[in-house]
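One structure is given below, encoded as structure tokens.
Note that these values count all heavy atoms, side chains included, but never hydrogens, waters or copies made by symmetry. For this chain, numbers begin at 1 and follow the sequence in order.
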Amino acid sequence: MERRQRVFRDRLCEHLGRVTRFVLIALLLSLSGPAAPGEIPLAERKSSYELMGPDTRAMQDDDAANPGMLWVLDGEALWNRREGAAGKSCADCHGDAGASMRGVAAHYPAFAAGRASPVNLEQRIDICRAERQQATPLRFESRELLALAAYIGFQSRGMAIEAPAEERVQPFLQAGRAMFTQRQGQLNLSCAQCHDDNWGQKLAGAPITQAQPTGYPLYRLEWQTLGSLQRRLRNCLSGIRAETYPLGAQEYVDLELFLMWRARGMKMETPAVRP
């Protein structure tokens, strides 16, 4: 019994030590001024893939080993399944996804005239379900919605991101930029302080990435499942002890739009694998 108590105590201290180091590093970042000129130059942008270990990169590179491909296969089945009162499938309207969806995910979030605002890919799928299939919209982070988003995203793998930047999206793009650069939360941190000013350094032993959204939805080993970009954004906000928003909130879509614009020209990796 005493040995178990000692082991438990040692593990608890080790865990608390990691948490303390994370908080201390975050606090140092929050108290520091700008550490870099600003946004990352286009020529210096890097996918998080380049900061991963060889085992994780190999997992992403091999479709037979990439767990995200299971969602892609499910998405293909859902693409061809008739649903809703209209009795239609995605394929009935769009045909072969390999042709009709090629490059589509690389242009989202995109402006939806019916909503007078940009929507992300998951929201576009649900709009089609409600309006075309007359089916119940899928829940955010549900396996079905992630599967369809991964399947559509897969059709753009290797293609360059071309986030819209026309006049009507400018207010939303600027709102996303403001959210990216705004200090917030109890740790008083902004996204830019980590991902523009300190990328490549270590935080609690893990490399700080540039937050380039090239592979979503992606399989995260920490989650042991596929997840959307909005799920990752919520994780980051929680990490700096900031307010989170409901999935699908305009704040997240605006931030997604800015991140995709920031990653313009970079290659899509869906479904990516991350630690």
Side-chain angles (χ1 to χ4, degrees), residues 34 36-50 94 97 99-128 140 148-150 152-184 190-197 199 209-218 228-234 236-237 245 247-272:
E39 291 182 6
I40 301 167
L42 295 182
E44 296 178 18
R45 293 170 306 162
K46 295 180 182 294
S47 165
S48 302
Y49 174 90
E50 298 183 48
H94 300 288
S100 64
M101 293 293 109
R102 181 168 172 77
V104 168
H107 291 81
Y108 271 81
F111 194 84
R115 294 194 177 189
S117 65
V119 297
N120 67 7
L121 183 59
E122 289 89 343
Q123 289 172 319
R124 180 71 257 179
I125 291 168
D126 269 346
I127 290 171
C128 281
F140 276 98
L148 279 168
I152 294 170
F154 179 68
Q155 311 311 317
S156 298
R157 188 166 69 171
M159 298 185 67
I161 292 172
E162 297 183 30
E166 69 266 27
E167 186 64 30
R168 60 184 178 176
V169 305
Q170 286 302 313
F172 305 96
L173 182 61
Q174 295 309 316
R177 181 195 295 273
M179 188 172 177
F180 187 81
T181 57
Q182 176 188 355
R183 288 177 181 249
Q184 53 186 314
S190 71
C191 309
Q193 280 180 279
C194 282
H195 302 297
D196 274 350
D197 298 347
W199 71 268
T209 71
Q210 292 184 356
Q212 306 290 3
T214 51
Y216 288 89
L218 56 74
S228 72
L229 177 54
Q230 290 204 5
R231 178 176 179 178
R232 187 70 189 107
L233 296 178
R234 283 172 62 90
C236 282
L237 287 174
Y245 306 95
L247 291 169
Q250 191 62 51
E251 289 86 353
Y252 287 140
V253 179
D254 293 346
L255 185 51
E256 283 189 70
L257 177 64
F258 173 69
L259 291 174
M260 288 292 278
W261 176 85
R262 184 170 167 269
R264 61 197 181 281
M266 298 183 73
K267 304 298 185 184
M268 294 282 291
E269 302 174 44
T270 310

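Between Arg177 and Glu39 there is a salt bridge, since a side-chain N of the basic residue sits under 4.0 Å from a carboxylate O of the acidic one.
Between Arg234 and Leu237 there is no side-chain heavy-atom pair separated by less than 4.5 Å. Side-chain contact between Tyr216 and Glu256 is absent, with no heavy-atom pair separated by less than 4.5 Å. Counting only heavy atoms from C-beta outward, the side chains of Val253 and Gln230 approach each other to under 4.5 Å. Side-chain contact between Leu121 and His107: absent, with no pair of heavy atoms (C-beta onward) separated by less than 4.5 Å. In this structure, Met179 and Gln174 have side chains that are not in contact, with every pair of non-hydrogen atoms separated by 4.5 Å or more. Under the 4.5 Å side-chain criterion, counting only non-hydrogen atoms from C-beta, Tyr108 is not in contact with Glu122. Side chains of Pro217 and Thr270 form a contact here, defined as non-hydrogen atoms less than 4.5 Å apart. The shortest distance between side-chain heavy atoms of Pro164 and Leu257 falls below 4.5 Å.
Every residue two or more places apart in sequence or in another chain was checked for a ring pair (Phe, Tyr, Trp, His ring centres under 6.0 Å) with Phe140, and none qualifies.
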Requested in this report: In sequence, state the C-alpha distance, the side-chain angles, and the governing distance for Met101 and Val104, and then conclude on side chain to side chain contact (heavy atoms under 4.5 Å, CB included).
Outcome: CA-CA 5 Å; Met101 293 293 109; Val104 168; 4.2 Å; yes

**Report entry** Asp196 vs Arg262, side chain to side chain contact (heavy atoms under 4.5 Å, CB included): CA-CA, chis, key distance, verdict
**Finding:** CA-CA 11 Å; Asp196 274 350; Arg262 184 170 167 269; 2.7 Å; yes

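The line from CG of Leu233 to CG of Leu259 is 6.5 Å long, rounded to the nearest 0.5 Å. Here Phe172 contributes atom CZ and Ser117 contributes atom OG; the two are 5.0 Å apart, rounded to the nearest 0.5 Å. Note that the OH atom of Tyr49 and the OG1 atom of Thr214 stand 11.0 Å from one another [nearest 0.5 Å]. Remark: Leu255 CG to Cys191 SG distance equals 5.5 Å, nearest 0.5 Å. Atoms CD1 and CZ, on Ile161 and Arg264 in that order, are 11.0 Å from each other to the nearest 0.5 Å.
Looking at every heavy atom in both residues, Gly248 comes nearest to Gln123 through O-NE2, 3.2 Å. Here the shortest heavy-atom pairing between Trp261 and Ala163 reads N-CB, 3.5 Å. Of all heavy-atom pairs spanning Ala105 and Met268, the tightest one is CB-CE, 3.9 Å. Closest approach of Met260 and Ala106 over heavy atoms only: CE-O, 4.3 Å.
Ring pair Tyr245/Tyr252 is perpendicular by interplanar angle, where above 60° counts as perpendicular and below 30° as parallel.
One N or O on the side chain of Gln210 and one on the backbone of Lys46 form a donor-acceptor pair closer than 3.5 Å. Using modelled atom types, no side-chain atom of Arg231 and backbone atom of Ser228 make a donor-acceptor pair closer than 3.5 Å. Distance alone, capped at 3.5 Å, is enough to place a donor-acceptor pair between the Gln193 side chain and the Ser190 backbone. Between the side chain of Ser48 and the backbone N or O of Thr209, no donor-acceptor pair lies under 3.5 Å. Gln155 contributes no side-chain N or O that, together with a main-chain N or O of Ile152, makes up a donor-acceptor pair within less than 3.5 Å. Panel note: side chain Ser156, backbone Met159; no donor-acceptor pair is recorded below 3.5 Å.
The local environment of CZ in Arg157 is crowded, with over 12 non-hydrogen atoms from other residues, nucleotides or ligands closer than 6.0 Å.
A side-chain N or O of Glu269 and one of Ser47 form a donor-acceptor pair less than 3.5 Å apart.
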